[in-house]
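Here is the structure we will look at.
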Amino acid sequence: MAVPTQERSESGRVRIFDTTLRDGEQSPGISLNRQEKVEIAHQLGRLGVDIIEAGFPIASPGDFESVQAIAREVQGPVICGLARTGVGDIDAAWNAVKDSERPRIHTFISTSDIHIEHQLRTTREDVKGQARAAVAHARSLCDDVEFSPMDATRSELEFTAEVIAIALEEGAGTINVPDTVGYSMPDEYAEMFRELTRLVPGLEQVTTSVHCHDDLGVAVANSFAGLQAGCRQVECAVNGLGERAGNASLEEIVMLLRVREAAHGLWTDVNTEEIARTSRLVSRLTGYQVQPNKAVVGRNAFAHESGIHQDGVLKERTTYEIMDATTIGLQQNSIVLGKHSGRHALRKALEELGFEVDGAALNTAFKRFKDVADKKKTVTALDLEAIVSDEMRQSTSAFELVSFAIDAGSERSPFAQASVRLPSGETGEGSFTGDGPVEAFFSALNAATGHEGRLKEYHVSAVTAGRDALAEVTVLVELDGALAQGQGVSPDTMEASGRAYLRALTSARADSPVAEAEHHAQEASKTPAP
Ligand code: KIV
Ligand code: ZN
């Protein structure tokens, strides 16, 4: 990482609070399982974020277990759990994070009249009482407590100030003031912090934090305005994931601080060379593709189309580039393996990529690598990353694609047959004649698994350039009202599609009580009475 050209002052240090696994995970269709969340948390650790908001432990036993696993396994960052003001929420958050070296409880309550009247159906006095009790209880359990007055930017400022003062009296160490519905404008948001600092004695002694949503496309601009007004923690999510239009994008705010440090004097401890890999991992595991022209991590962020720009960049990169692609970890495709590469070379390459794979996992990775290397001339770092993430997800999929055949001849409708290993260990078979090969294949998979999934979205992309590139397929599937994404990687586009579909079915089934109950009943009816 390049050394900054100026002396850094401690007062310019900005803490990065990553909420990909909490606010980000609330994006529709995202349903990460425990292993995937832990994998993302490890990568956030490598990226060097200061705080990981790992989830909302009261929400479900699965959420609780994921936060607990992250708290136990991921060292370095503070691990934080979200809680409303109730004792049950706070106890669940504490129990989930308490095994971390550095636990934090984040508790919140709305301060806007819209929320107080229509959602909480209570009074301002009650909100003050709940905030006091929540922070006091959280502090009785944990030294590090954060408090947020939700919907602050639509709240009466004097009331928000009163509630914040109460949270401070009870010992909150971080005050986060969210623009929950993405309504604020940069000047307004900065002014709100200046006013709060004037109205709340002691606010300057704790860390103040920004949390902005992107409904009007200014989440990063608002976050930056808040930092300029003195806040020193920014809450953000990888690839800008989050409720509705998302949260401020981590990579954008971090690179804004990095690239323009000389102008504003603010800096973070993020290892920016891990940004591209983190973005790819999150995109892969959530199934949320990054738009090609997205700032910093979009496929075109460093591409030059016009002749004039290409000419300039060829002569001198800085003519049209304000940051070097290597700063965010792009173009580090040094690893190239081929079909003659052995187990040792693969292990070394995986280690370089941050995957510690040994024993049975190395054997599985090696087998998968050989399958790919047989079909593809060279296997690059990007390919390996895609294959290994794909293989890791396989272990959490309830269904395994055993074999399939698709007859897509032009004379008649495409016909597909599929054979799938079911959770019971048995093999399910299915076949279907459809209007197109993908429809026929997915309907055959429905028949083989006994589920009626409905395809909502289907995307194919290539992991690298070239005709022999690995295909990466993303699907969005609905099952009994539950929506879930799935991804699959393979040199064969249809195989990647099948893997993606079965993973989406796995997640949707876990989120759909109807489907799960029906499935259990079916399984039970097959089991002979003792
Ligand atoms: O947007 C919001 O207000 C939140 C709070 C829970 C901090 O996500
Ligand atoms: Zn939020």
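The structure displayed is predicted, hence computed values, not measured ones. Start at 1 and go down the list; that is how both ligands and their atoms are numbered.
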Which ligand 1 atoms are under 4.0 Å away from a heavy-atom of His213?
1 (O)
Flag, side chain of Ser110 to backbone of Ser112, donor-acceptor distance under 3.5 Å:
no
Which one holds for Asp23 and ligand 1: side chain close, backbone close, both close, or neither close, with close meaning a heavy atom under 4.0 Å?
side chain
Answer yes when Glu385 and Arg284 have at least one side-chain N-carboxylate O distance shorter than 4.0 Å, and no when they do not.
yes
Exactly one of Thr20, Val49, Leu44 clears side chain to side chain contact (heavy atoms under 4.5 Å, CB included) with Thr278, and that residue is Leu44
Would you say His211 has any N or O atom under 3.5 Å from an N or O of ligand 1, going by distance alone?
yes
Return yes if a side-chain donor-acceptor contact under 3.5 Å exists between Ser279 and Lys294, otherwise no.
no
What residue and heavy atom of the protein are closest to atom 3 (O) of ligand 1, and at what distance?
Thr180 OG1, 2.6 Å
Which ligand 1 atoms, with their elements, are less than 4.0 angstrom from a heavy-atom of Met150?
3 (O)
Does any N or O atom in Glu235 lie less than 3.5 angstrom from one in ligand 1, N or O only?
no
Arg22 contact mode with ligand 1 (heavy-atom cut-off under 4.0 Å)
side chain
May I ask you to check whether Phe17 and His211 place their ring centers less than 6.0 Å from one another?
no
N/O of Asp151 under 3.5 Å from N/O of ligand 1, yes or no?
no
When you measure from the Zn ion (ligand 2) to each N, O or S atom of Asp23, which atom gives the shortest distance?
OD2
Atom name of the N, O or S atom in His211 that lies nearest to the Zn ion (ligand 2)
NE2
Any side-chain heavy atom of Thr327 sitting closer than 4.5 Å to one from Glu273?
no
Looking only at atom types and distance, does a side-chain atom of Asn95 sit under 3.5 Å from a main-chain N or O of Asp91, one as donor and one as acceptor?
yes
Glu243 N/O/S atom closer than 2.8 Å to the Zn ion (ligand 2)
no
Heavy-atom donor-acceptor pair, Thr268 side chain to Val270 backbone, under 3.5 Å:
yes
